[in-house]
2 protein chains.
Amino acid sequence: MPFAIAKKTDLLRRFTLLLLLCTFSLLVQAQVITSPDKNLTLKFEVGEKGVPTYQLTYKKKPVIKESKLGLELKDAPSMMDGFTVAKTEQAAVNNTWEPVLGEQKTIRNNYNELLVTLTQKAQQDRQIRIRFRLFNDGLGFRYEFPEQKELNYFIIKEENTEFNLTGDHKIFWIPGDYDTNEYAYTTSKISEIPGLIKKATIDVHAQWPIKTLAVQTPSMMKTADGLYINIHEAALINYPAMNLNLDAKNFKMSSHLTPDPMGNKGYMQTDTQTPWRTIVVSDKATDILASKLILNLNEPTKYKDVSWIKPVKYIGVWWEYFVAGKSTWAYGTETNVKLTDDFTKLTPNGRHGANNENVKKHIDFAAANDFDAVLVEGWNIGWEDWFGNWKEEVFDFVTPYPDFNVKELHAYAASKGVKIMMHHETSGSATNYERRLDKAFQFMKDNGYDAVKTGYVGKIIPRGEHHDSQWMVNHYIHVAETAANYKIMVNSHEAVRPTGLNRTYPNWIAQESARGTEFEAMGGLAPEHTTILPFTRLMGGPMDYTPGIFQTDLSYYGTGNQRVNTTLVKQLAYYVTMYSPLQMAADMPENYNRFPDAFQFIKDVAVDWDDTWVQEAEPGDYVTIARKAKGKNEWYVGGITDENARTATIRFDYLPKGKSYVATIYADAADASWNKNPQKYTIRKVLVNAKSVLKQPIAPGGGVAVSIKEGSKQDTKGLKKL
Amino acid sequence: MPFAIAKKTDLLRRFTLLLLLCTFSLLVQAQVITSPDKNLTLKFEVGEKGVPTYQLTYKKKPVIKESKLGLELKDAPSMMDGFTVAKTEQAAVNNTWEPVLGEQKTIRNNYNELLVTLTQKAQQDRQIRIRFRLFNDGLGFRYEFPEQKELNYFIIKEENTEFNLTGDHKIFWIPGDYDTNEYAYTTSKISEIPGLIKKATIDVHAQWPIKTLAVQTPSMMKTADGLYINIHEAALINYPAMNLNLDAKNFKMSSHLTPDPMGNKGYMQTDTQTPWRTIVVSDKATDILASKLILNLNEPTKYKDVSWIKPVKYIGVWWEYFVAGKSTWAYGTETNVKLTDDFTKLTPNGRHGANNENVKKHIDFAAANDFDAVLVEGWNIGWEDWFGNWKEEVFDFVTPYPDFNVKELHAYAASKGVKIMMHHETSGSATNYERRLDKAFQFMKDNGYDAVKTGYVGKIIPRGEHHDSQWMVNHYIHVAETAANYKIMVNSHEAVRPTGLNRTYPNWIAQESARGTEFEAMGGLAPEHTTILPFTRLMGGPMDYTPGIFQTDLSYYGTGNQRVNTTLVKQLAYYVTMYSPLQMAADMPENYNRFPDAFQFIKDVAVDWDDTWVQEAEPGDYVTIARKAKGKNEWYVGGITDENARTATIRFDYLPKGKSYVATIYADAADASWNKNPQKYTIRKVLVNAKSVLKQPIAPGGGVAVSIKEGSKQDTKGLKKL
């Protein structure tokens, strides 16, 4: 048996062990590998009629029962059966790497790999490979299509990867859809989904619910005997996003790719591969949140210079658009406009938010409170009827409204050390955006912008493509890569759900791609929503959730009865529980000025981290996370609960031993809850050390936030130990 | 009756008469207007159930019988009936304008207009307008959708404009198709089309024949009593191209728009309009060719500076790719390549056409013979498998093959006063082209290119769109407009058929959009083909037919038995009969060197004109045209015939009276024909004046070409009068 051990020090001077175990000639039909810690076992087999199958166990409990692997092709024989094993190769990898921005400074990448080469004899020995990587926290596998005489270009009709589950698990799900991830989560048994899906398919703009029974990934499940299972994908490149077909009687899931206008599901050219299909497994919910499996399965970035990619804490001219008509994106009262119109001739509606005065006010506030940037939406022409008309050219991305002076505002912001964040709403017309992309980015560079929030509200153009189809998947990456050429960071909204591509394209700094804070102003989010998101949406990457709403009762503004369904403190906790290196303080400056003591936490909290400890978690119930600020002896803790009060247990064992630190604890008041007294909170300072344990009551729909810093003698004077 | 006469001198100091005849209050349901010369009469009526209709007569003979007008909308009440006339307005216009490049220095625009405003009472008084313009040479009309409360955004399901013909006309047709115009023409009776269409639908790459019976425009017909009728469209902007449904029993045609992937046929926002539907009519075939109706219906250009738009006579590294594998577009022997590959590592096939040496040879030849440019195809990476795989990223438009030195060749060409013409083959991936367009054009400017030949060989990406659908119609215009920003001229191949937009976008200097010379190397063209093209394809605008093949028998190259089905002289005649301000001498330099006396005509012939006289014409049989070179006392005449010999009658009555000129007559030899002795010709010089008449025998599949210049005493010495 060929056997090699390679030892090397990588550029980051980290230890790398590469163990190759290759069985070139041993052509058995069944193969077994285990995870490095031996907890997980993968069995691969070519069964009857040459159908490839796999199964996965965790601590000897089945996680995925025998499940078929294969793909159907368009106008070509399928890759479903008739396979024999031509070659198997094994490898073991254990190294580390450093993300540009992240939850940890260093990420361990430790897996055992099985690579199976399969041959279809009846198809002139056409070959595919299936590569399995078994980590301690789960499995990743993908199909690979090597360059070969019998396979060059091909079209995927459907990928038929099965995930046969072991029982009627509890599942946190949203309906399968080709265009939107902005659904509210339903928690149910798998068998209950058919009865619930109609109700769960709430109205979302430009949605395209799958007609057959399907749910989206990341799909989070919990078994009756306490196993947590998360199914998603990693490295979604040049391929459509995957939904999961559901056989709710037999607890079987299978891949359902997003089609293009022709109903085709992937245009492929060898040498190529599918994204990784990922199954994260543990008997601890905290392990699911701590998993870096999806990032590990993505390729390292090819960008040579990443020094310009920085974490961003920002405010914006934004939330005011959502509350009771305070102001508007649009400048004119007209409702039928074209880009070719002269927008200086429109009738001003008098409530245009992105005006010079308002933007300067925000710049002043950002500067005074050390924010990096001010997002300004509604600065550019086209908002009078931007929405819902499947219109190709809504925006040009370079022409401001008459009351937004680009040069003047750039100079003003620059004089105060603040950036303005660009906003590129495409209205779903990716066509129009791509046409104008270089000019739009050049305009940004010419005017001092270094980050852009992109938006895809609406039905996609090219018409018939979907937000999650292959063409659009390529589009988002094209935008990220083009932005990188201009050293611009991208924060995409309404794009396809993330799959860890922030490793490969680190300037694609964050995404929305789920039901975020804006929906608090449009019917509200369930208090449990944000205890589910880390187990679902955030498995793929950072989320621009836009937390920080202090004025949660929106009737405060004089109209409407909308309500943000959290306490004020829970909004603070989000800065820790909802990971993103780009974080907004989404409320209006005047509301922060009303609560300066609570606002201090938002000012203090880091957005990039040396390390992370998931302390407590249960999907749908609660999440408590502690993190160490990147390059600083500062730690931040966030804990949230659903609609039920609970007591969070916060440990400090990550603190350097033998030293006391000043912990500032932001807590819900005893009589607070998400719908009563949400703005009542307490702030106390105590001394903590590595042995301290905080038992902190949290209100219904509430949270807790803690900042931990080194204190001077004066700082610590009079402080009690926890 | 309000009545106004406005007299003004336009910027070009031409006489303009604008006569407005408005009937604001006279709400009769039937309206009649006549052409300025009274030959044509249009009657518009709102008939039973409020259905709008029109009919057209020429010298009291019906041309179009009563035909319905209207459109169906998607998810909205139709615009087919329920109309009443709200307002009618009439106007008379008679002025002139000067095209940037053209067949005439000055074009007369003389028509009577009827504008009818129609109201649908049952649809909250929803309004449309139908605007008719009746010229001496035919009718143009379009639907207009004014901005109004009841109509903002809408989607066209189908336009149902009828053209009810008067009988079983002779028709020169190609099958209706959403993707290609590159069919051979069939000549038949209308009633014979159903029996012939299967055979006529020959194999063309990426074709999409319409499943129901339909033909393309321009549709050329001749009635039993000698009326010539041509149906096409003008100013195709932001709308899909029109085919014509055919009821071959009742001789009814109706509009059939090209759908998008969703089956929709037009995304509209008021204030907007359809293209013009055009019916050119005459009892003289020559009048059809002389018609400027389609150009007149297009808008003047908005370009402020057009000084950089110049006629182009060019040669190319091109024909050698078509003859017997002399050379190839591709550089490498590999057949599965990606843009991300390192093309310098490919295995050279040794026959790459666009190599430095070959290009320099062409530059030398162009410089020695006063050509403006050398087209070089196959210069850029990606040609190894560019074709037929519906692949999104085939070319990047900026990376040369290793043996093509952009800077060196630019310097070499510039030193000799020659331009290299860029080639952008998109392989049908408009998506990829749009993404890279600005960079591609900037690359051209950086390297001295001022014209580009674009190509769209293959199925369109965005997938499901067609070459002729609204998205692509917008794409071609986007390319032309973007090119204008860089002062680049565009010569598009495989784009939607032209509709006179070279008036509005004069840098869109020519198009292919029909079966051109390349097909002579792939099965051959019928000798009559080029007697039909002026009546069909060229009605819409200039064609880059790429004439000038001297070595017509392609077995000359040692392999194959292909043949260009013309005499050598017919190839010369094409420079006059096939109008384009961009003309290629398509054969290889070595062939021109073999026939320097005949080549002299190509060197001499103008490509931009002060005036044009269509002397003889019959679709499918013959065409003889004389033209005066722009700004020069030189005239050129071209005459061609189909497979039958004939005697062309060439008059010279356009010459200034009382003066003799030297005419050089290039004629088929007595025993020449397209398939025997095609290279036998005579060249003679004679003196001609305005009273001269030349009766010139033309061989089967042959032609005649005449150049007429002022001669010095020495030049004319010994020359006989014609």
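Each chain gets a letter, A, B and so on, in the order the sequences are listed, and its residues count up from 1.
When the candidates E465(B), E392(B), H478(B) are compared by the number of heavy-atom contacts under 4.5 Å with chain A, H478(B) comes out ahead. Of the listed residues N474(B), T482(B), D438(B), D385(B), the one with more heavy-atom pairs under 4.5 angstrom with chain A than any other is D385(B). Listed options I155(A), T431(A), N336(A) were ranked by heavy-atom pairs under 4.5 angstrom with chain B; first place goes to N336(A). Looking only at heavy-atom pairs under 4.5 Å with chain A, the residue among M262(B), K338(B), E147(B) that has the most is K338(B). The most heavy-atom pairs under 4.5 Å with chain B, out of T270(A), D260(A), N264(A), L437(A), come from T270(A). Ranked by non-hydrogen atom pairs under 4.5 Å with chain A, the options H475(B), E393(B), R436(B), E434(B) are led by E434(B).
Between H424(A) and F443(A), the distance separating the two ring centers is not shorter than 6.0 angstrom.
Using the six-membered ring where Trp is involved, W390(B) and Y267(A) have ring planes that are perpendicular, over 60° apart on the 30 and 60° scheme. Taking the six-membered ring where tryptophan is involved, the planes of W386(B) and F395(B) are tilted, since the angle between them lies from 30° to 60°.
Listed for the T504(B) side chain is a donor-acceptor partner under 3.5 Å among the backbone atoms of E299(B). The main-chain N or O of S469(B) is never found under 3.5 Å from a side-chain atom of K265(B) such that the two would form a donor-acceptor pair.
Heavy atoms of V479(A) lying under 4.5 Å from chain B are absent altogether.
To the nearest 0.5 angstrom, M268(A) atom CE is 7.0 Å from N238(A) atom CG.
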